[in-house]
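For ligands, and for the atoms within them, numbers begin at 1 and follow the listed sequence.
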Amino acid sequence: MTAEIIDGKNIAGELRGRIAEAVAVLARDYEVTPGLAVVLVGEDPASQVYVRNKGLAIKKAGMRSVEHHLPETTSQEAVASLVRELNEDDSVDGILVQMPLPEHIDPMQVINEISPNKDVDGLTEINAGRLMLDEDGLVPCTPQGCILLAKTVTPNLSGLNAVVVGRSILVGKPLSMLLLAENCTVTIAHSRTKNLPELCRSADILCAAVGRPELIKGDWVKDGSVVIDVGINRVFEGDKSRLVGDVEFEMARMRAGAITPVPGGVGPMTIACLLRNTTLAAARRRNLPVIAI
Ligand code: NAD
């Protein structure tokens, strides 16, 4: 058996199309154009590329994008003060502080300055709490993307055994909560977990968010299961390099029912879900209905 490949690029493209339609409706019926403000501190080259790509995707969907690029030496209070200004700015619906921040800045303190209703990364304590409490809120983009991908092949996840490998605040924990909200029976595995191979073999849905190239071996994958690989790892072979996931893809695809590739799986969904959150934030802040996205 060879797994169905879950084409994240294509699915994200369709989602972006639905978002662009919702944005057009908000503009036509309510004269609202959702706006995202991105705060970048310092000169990290990868962060600059991410911020540019997010800005381009936002504009392509018909929304407004504003970038605030602050020098590396900016104080914690100055970053917090900018976030507070953006909270008060009615033209801004979403605020994103690009990570990592320089070492002298406490990331959680800055994140918690963001108004929860503009927290399109879903990382404030309030939104993390809302997720725990099954309340409506803004949900972190990558985990949301994983759920949307899994549902393209298994629309009803209820009752399935889900194993999430990784317990980060950004991916593993919120993904586990979202799977629980879908009525999965969820097990969270991490670096201290015993018998990881056996645990993975029990998974109807196996999600890997570790950051270790091909840690999850093909024969850890249950026959017919859904495998969502969040990992993005660059491996070097001589003077060439390529991206691989946390799952041994070629072997895993011989057993899984469906699997996300790396690249082209979860990655494209993350930006699409950022656009989705910005649109939802714009509508919810004004109590406007928004077409289903
Ligand atoms: P992280 O380093 O914060 O967390 C990694 C987790 O893996 C930890 O909870 C740790 O306990 C667990 N872990 C480490 N070694 C392990 C082992 N040997 N066995 C089992 N568990 C182990 O990483 P993160 O931010 O959650 O990111 C994970 C991966 O996902 C990275 O490769 C990252 O690049 C990728 N990522 C991708 C996207 C995307 O858009 N596709 C977004 C965010 C993160």
Side-chain angles (χ1 to χ4, degrees), residues 5-13 15-16 38 44-47 49-54 57 96-101 107-108 111 120-123 128 131 138-150 162-179 186-203 206-217 220-221 227-236 241-249 252 259-277:
I5 305 299
I6 304 173
D7 184 345
K9 205 169 162 195
N10 194 30
I11 295 163
L15 175 56
R16 282 162 70 152
V38 181
D44 179 54
S47 294
V49 174
Y50 296 146
V51 167
R52 196 167 53 240
N53 288 345
K54 285 169 189 170
L96 185 156
V97 179
Q98 182 66 41
M99 297 293 147
L101 287 167
M108 271 327 284
I111 285 168
V120 284
D121 258 347
L123 293 176
L131 185 57
L138 291 164
V139 168
C141 301
T142 302
Q144 181 69 70
C146 294
I147 297 288
L148 295 174
L149 288 179
V163 172
V164 178
V165 189
R167 58 173 164 184
S168 71
I169 292 169
L170 192 63
V171 190
K173 274 190 205 170
L175 177 54
S176 303
M177 286 301 122
L178 289 172
L179 288 162
V186 183
T187 308
I188 307 173
H190 48 78
S191 54
R192 311 282 176 90
T193 296
K194 291 184 178 135
N195 292 332
L196 187 60
E198 213 166 289
L199 200 61
C200 291
R201 284 187 198 110
S202 73
L206 177 59
C207 302
V210 182
R212 302 267 185 284
E214 299 181 334
L215 172 88
I216 312 282
K217 303 302 168 205
W220 300 7
V221 170
V227 178
I228 307 290
D229 191 351
V230 185
I232 303 176
N233 310 288
R234 187 164 289 284
V235 292
F236 294 87
S241 75
R242 63 189 174 98
L243 292 181
V244 300
D246 290 343
V247 179
E248 201 184 33
F249 180 80
I259 186 169
T260 60
V262 178
V266 176
M269 290 300 282
T270 297
I271 283 198
C273 288
L274 173 67
L275 307 187
R276 183 177 188 265
N277 274 352

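Note that the CD1 atom of Ile147 and the CE atom of Met269 stand 10.5 Å from one another [nearest 0.5 Å]. The distance from the CG atom of Leu175 to the OG1 atom of Thr142 is 9.5 Å, given to the nearest 0.5 Å. Here the straight-line distance linking atom CG of Leu196 with atom NZ of Lys217 works out to 11.0 Å at 0.5 Å rounding. One distance of note links CG of Asp246 with SG of Cys207; it measures 11.5 Å at 0.5 Å rounding. Interatomic distance, Tyr50 OH to Leu96 CG, rounded to the nearest 0.5 Å: 13.0 Å. Here Leu123 contributes atom CG and Met108 contributes atom CE; the two are 6.5 Å apart, rounded to the nearest 0.5 Å.
Looking at Val210 against ligand 1, both its backbone and its side chain come within 4.0 Å, counting heavy atoms. Within the 4.0 Å heavy-atom criterion, the part of Arg212 lying near ligand 1 is the side chain and not the backbone. Proximity of Val230 to ligand 1, defined as any heavy-atom pair under 4.0 Å, is shared by backbone and side chain alike. At a heavy-atom distance under 4.0 Å, no atom of Thr193 approaches ligand 1.
Counting protein heavy atoms only, atom 42 (C) of ligand 1 is closest to Thr142 OG1, 3.3 Å. Counting only heavy atoms of the protein, atom 31 (C) of ligand 1 lies nearest to Gly211 CA, 3.6 Å. Summary of contacts: the protein heavy atom closest to atom 21 (N) of ligand 1 is His190 C, 3.1 Å. In terms of protein heavy atoms, atom 18 (N) of ligand 1 is closest to Leu215 CD1, 3.8 Å. Among protein heavy atoms, the minimum distance from atom 34 (O) of ligand 1 is reached at Ile232 O, 3.7 Å. Closest to atom 8 (C) of ligand 1, if we only count protein heavy atoms, is Arg167 N, 4.0 Å.
Backbone and side-chain nitrogen or oxygen atoms of Ser191 are examined, and one is located within less than 3.5 angstrom of a nitrogen or oxygen of ligand 1.
Put simply, the side chain of Arg16 reaches to within 4.5 Å of the side chain of Ile271, judged on heavy atoms.
Ligand 1 lies nowhere less than 4.0 angstrom from a heavy atom belonging to Gly172.
Shown here for Ile259 and Ala252, the closest heavy-atom pair between the two residues is CD1-CB, 3.8 Å. Here the shortest heavy-atom pairing between Asn277 and Cys141 reads ND2-SG, 3.9 Å. Here the closest heavy-atom approach between residue Asp121 and residue Val97 is recorded as OD2-O, 4.5 Å.
Considering Val171, Asp229, Val262, Val266 only, the shortest heavy-atom separation from atom 27 (O) of ligand 1 involves Val171. Comparing heavy-atom distances from atom 4 (O) of ligand 1 across Gly166, Gly267, Ser168, Ala189 singles out Ser168 as nearest.
Close approach of ligand 1 to Thr270 is summarised as follows: ligand atoms under 4.0 Å from at least one heavy atom of the residue are 39 (C), 40 (O). Under a 4.0 Å criterion applied to the non-hydrogen atoms of Val165, ligand 1 contributes the atoms 20 (C), 21 (N).
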